[in-house]
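Labels below follow one simple rule: chain letters A, B, ... track the order of the sequence lines, proteins then strands, and each chain is numbered from 1.
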Amino acid sequence: MSRYVAAEIEPKWQAAWTEAEVFRARRTGDKPKYYVLEMFPYPSGRIHIGHVRNYTMGDVVARYKRATGHNVLHPMGFDAFGMPAENAAMANGGHPRDWTYANIDTMVEQMKPLGFSLDWTRMFATCDPEYYGQQQALFLDFLEKGLVYRKNAVVNWDPVDMTVLANEQVEDGRGWRSGALVERRELTQWFFKISDMSGELLDALDTLDNWPAKVKTMQANWIGRSRGLQFAFSLIDGPHGHDRVEVYTTRPDTLMGASFVGISPDHPLARDLEKSDPDVAAFCAEARQGGTTEEAIEKADKLGYDTGLRVRHPFDTSLELPVYIANFILMDYGTGAIFGCPGHDQRDHDFCRKYDLPIIDTFVPLDGEIDIQAAPYVPPKSEKVRYTRLIAGEEVQTGQEAVNAAVDFCESNGVGQGVTKFRLRDWGLSRQRYWGCPIPVVHCDDCGVVPEKKENLPIQLPYDEGGKPIDFSIPGNPLDRHPTWRDAPCPACGKPARRETDTMDTFVDSSWYFARFTAPRADTPTVAEDAAYWMNVDQYIGGIEHAILHLLYSRFFARAMNVCGHLPDKTREPFEALFTQGMVTHAIYQTKGADGRPVYHYPEDIDLRDGRGYLKDGAEVEIIPSAKMSKSKNNVVDPVAIISQYGADTARWFVLSDSPPERDVEWTAAGAEAAAKHLARVHRLAVEIGDAPADEAEDIALLREMHKAIKDVTLGVDSFGFNASIAKLYGFTNTIAKSRAGAQAKRTALKSLAQLMAPMTPHLAEEIWATLGGEGLIAEAPWPVADDAMLVEDTITMPIQVNGKRRGEITVPKDMDKAEVEKLALAHENVARTLEGAQPKKVIVVPGRIVNVVM
RNA sequence: GCGGGCGUGAUGGAAUGGUAGACAUACCAGACUUAAAAUCUGUUGGGCCUUGUGCCCGUGUGGGUUCGAGUCCCACCGCCCGCACCA
């Protein structure tokens with residue numbers, strides 16, 4: 001009698017699938033297509049259990065859709081450019097390219113044993129010249145359509161290492177290597193004009209019915225459309241060339257509460273003052289210190305510098321407001337200048353308290369008192385308030401009404417105009433790094449910035465410098481210092497010129513890979529027929545951490561590619577449905593070291609007894625459950641070890657069970673063990689099916705359960721309720737195990753069970769299918785369909801509540817009418833006792849659900 | 001700081017506004033065994049007594065809406081994710 005040995009059956013069936021080319025995506029026949037995609041991985045060197053969960057979910061969808069008669073496209077690739085490769089080269093020598101491709105080989109080798117139904121013939125890495133060459137072609141097309149341009153932008157500058165730092169390389173405002181205080185510095189950089197599409201990207205969110213609402217909300221907030229007023233304060237005795245300060249506000253209704261005008265340290269006025277006044281220069285230099293992230297700027301102490309300049313209030317010319325340079329005002333947003341209204345804004349309130357500026361209210365609550373000096377009054381814009389210093393509109397109105405009235409009033413009085421602004425900034429794509437896609441332009445002394453000719457693409461990264469592999473231990477960008485790579489003839493005039501040495505943000509690489517998968521070897525970015533057939537991605541699956549940037553950039557790219565003719569109109573929104581999955585977590589086992597710092601222990605060194613953990617020497621460890629996996633905390637689970645211990649099917653089964661897919665799941669050794677035991681049990685049931693004779697009642701009962709299981713499991717798979725499907729599969733397995741049905745009925749039930757398990761545990765399913773004489777491969781078998789006639793129940797059990805508390809239940813025919821149900825409910829012994837003879841005030845009968853008696 | 005989310009037994013979690021705790025883990029008890037492992041069966045939210053088709057309490061905390069709230073609304077607490085050069 002054969003036992004369940006995953007190590008034997010898994011390679012066998014993987015070979016069978018490869019042999020039959022079951023997972024090759026073909027656009028043939030008249031089947032509908034289905035494109036399922038998981039966010040492709042960064043080739044860090046090893047797959048982790050989070051990848052296993054992500055790809056298993058996609059695989060369940062892919063296999064299910066294949067079984068329900070679709071041509072499925074389910075590809076895999078690598079997001080292969082980026083800093084870790086350069087960091088590795090700096091730390092350990094070697095070359096980013098060698099490091100990356102070696103990692104890809106390792107990861108493919110680790111992924112294949114998991115048995116994912118991927119079309120490996122379509123695999124590519126974004127660092128393949130065949131891929132990034134097409135990306136350069138896209139860049140040139142975007143340039144032609146005016147979707148790319150150059151302007152100055154602020155970067156993190158390390159004054160000691162003389163290099164640009166990524167945000168993650170800035171720790172507490174200091175460079176990670178040098179420890180020097182980071183400065184904000186301006187460079188000329190390339191930008192995608194994503195802001196041109198702000199309105200469309202925002203409005204189209206409403207059409208994304210199968211995206212999580214939270215992702216849509218996050219994107220809407222990120223794009224941030226606001227209606228406001230742009231107007232100018234006239235400057236009293238301003239320096240040469242400055243007679244006004246242009247500001248933008250979303251709350252023009254609070255203009256009468258203005259206490260000061262604030263400008264960014266990068267505002268033209270501040271820049272001019274800086275030239276002649278060392279104090280201003282010192283303040284601006286200080287304000288520019290620290291990282292460029294919004295978080296760093298928001299969290300920094302709010303500092304202001306009184307320029308001594310004054311502006312006149314547009315509606316009360318006797319009123320003069322001071323002009324401050326303030327470190328929390330961003331030049332990128334609005335006009336880089338604001339007016340501060342401390343009565344109705346927390347930050348302005350803090351600022352005015354600090355610099356002893358007046359705090360005036362412009363509106364008060366309809367009832368109740370408020371101490372505006374102690375705290376600002378900031379009600380929702382939709383709330384009605386009483387205006388004490390009114391610009392326009394009714395005395396009592398909502399903030400929104402007052403804003404609209406104020407804009408109209410200001411416009412008709414020639415004070416500024418109403419404008420719609422977006423928070424979304426253009427996408428800076430320039431990176432001063434080696435390991436990325438070169439930007440295909442040439443700088444010519446005569447012709448300026450000239451796009452490279454398409455026939456010269458790809459502009460490849462050089463592997464060597466001066467005959468030797470590039471040395472990454474030397475600081476600076478290797479492309480910048482390369483002896484020959486920079487030299488290129490100007491594509492316009494042919495004279496010697498210099499290549500652009502900046503490379504592209506890796507977000508560019510991941511913004512169109514989904515389109516490339518439809519024709520991965522083409523010598524154009526896409527092929528019209530393939531894109532038309534396979535796009536859009538029907539189901540996209542990935543982490544919530546990509547909710548904003550990656551998905552927004554991809555939506556922009558799809559539109560831009562459509563503008564350039566690389567994608568059809570229907571692909572302007574490339575992802576039909578999005579699912580964001582949770583992490584796989586694992587307990588941390590820690591003790592305190594002699595120095596009081598935590599010491600982290602590997603799970604395999606821990607004995608678990610009664611929910612407590614002990615080391616081999618008997619010392620108890622502290623267990624921190626459900627922690628994010630981290631190498632430094634020693635709580636990482638290696639999929640390779642899990643597969644060799646239990647097999648791929650166990651790993652797949654476990655990561656889908658227990659938790660709903662969108663939530664985190666905790667990996668536990670006990671849970672993995674239980675999953676393995678269960679799969680062995682299912683295998684045993686199939687092998688030991690016996691030869692019991694038919695038994696009509698038992699057989700029908702089992703088949704009824706089978707149809708119920710088909711219905712419930714299908715519903716779960718359809719709605720991403722994989723954990724619910726698995727719970728049903730446990731239940732159905734228990735039913736089969738306990739059933740006294742005949743062997744024939746059990747065979748039927750077990751074959752259905754195998755089919756229902758096939759998306760999750762495909763190897764075991766094939767094995768059982770073959771054992772029970774199923775035809776062909778289960779991977780190619782059609783999905784079972786529940787017979788409605790077998791699902792009909794004649795009677796239902798309804799709970800009876802008295803005042804919302806359950807007091808009993810009755811079993812009644814399915815279609816019994818309400819009055820009859822009510823009579824039976826009131827006659828129920830325990831219900832009658834609870835009523836104590838009192839007449840119920842009301843009886844609510846929800847057919848098929850519940851009865852509630854109200855006393 | 002700003003934006004988004006989550007919070008249910010010892011544990012992971014289930015529950016279209018309608019019987020809270022499905023399914024699983026762990027624990028306990030039993031069967032099989034010389035024994036153990038494996039396997040199989042059963043019990044388990046807390047409390048009370050009058051042991052019943054019983055009663056009270058119970059879904060982070062405090063309020064509210066409803067015949068009925070884990071689910072909807074408001075406030076608070078805790079944790080997680082994102083914040084534009086990490087991928």
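Below the 3.5 angstrom threshold, one finds a donor paired with an acceptor across the side chain of A/R433 and the base of B/C85. Checked by distance alone, A/Q189 brings a side-chain donor or acceptor within 3.5 Å of a matching partner on the base of B/C85. One donor-acceptor pair, N or O on each side, does fall under 3.5 Å between the base of B/C67 and the side chain of A/N852. Residue side chain A/Q169 does not reach the base of B/C85 through any donor-acceptor N/O pair under 3.5 Å, judged by distance alone. Scanning atom types as modelled, no donor and acceptor separated by under 3.5 angstrom connect the side chain of A/R807 and the base of B/U19.
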**Structure string for RNA chain B in dot-bracket form, Watson-Crick and G-U at under 3.5 Å, | interchain** = (((((((..(((.....[....)))(.((((.......)))).)(((((..).))))..(((((..]....))))))))))))....
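Ring geometry for A/Y513 versus A/F40: interplanar angle under 30°, hence parallel rather than tilted (30 to 60°).
Looking only at distances, no side-chain donor or acceptor of A/Q581 sits under 3.5 Å from a matching main-chain atom of A/P661. Side chain of A/D658 to main chain of A/V665: no donor-acceptor pair is present (N/O by atom type, distance under 3.5 Å, no hydrogens or angles).
For the P atom pair drawn from B/G17 and B/G7, the interatomic distance equals 15 Å after rounding to whole Å.
For an aromatic pair to be called close, the ring centres must be under 6.0 Å apart, and A/F732 with A/Y730 fails this.
Remark on RNA chain B: of its neighbouring residues A/R684 and A/H546, the 5'-side contact belongs to A/R684, judged by nearest-heavy-atom nucleotide.
Salt bridge annotation for A/R423-A/E294: present, with a cationic side-chain nitrogen under 4.0 angstrom from a carboxylate oxygen.
A heavy atom lying under 4.0 Å from RNA chain B marks the following residues of residues 215-225 of chain A, by number: A/T217, A/M218, A/N221, A/W222.
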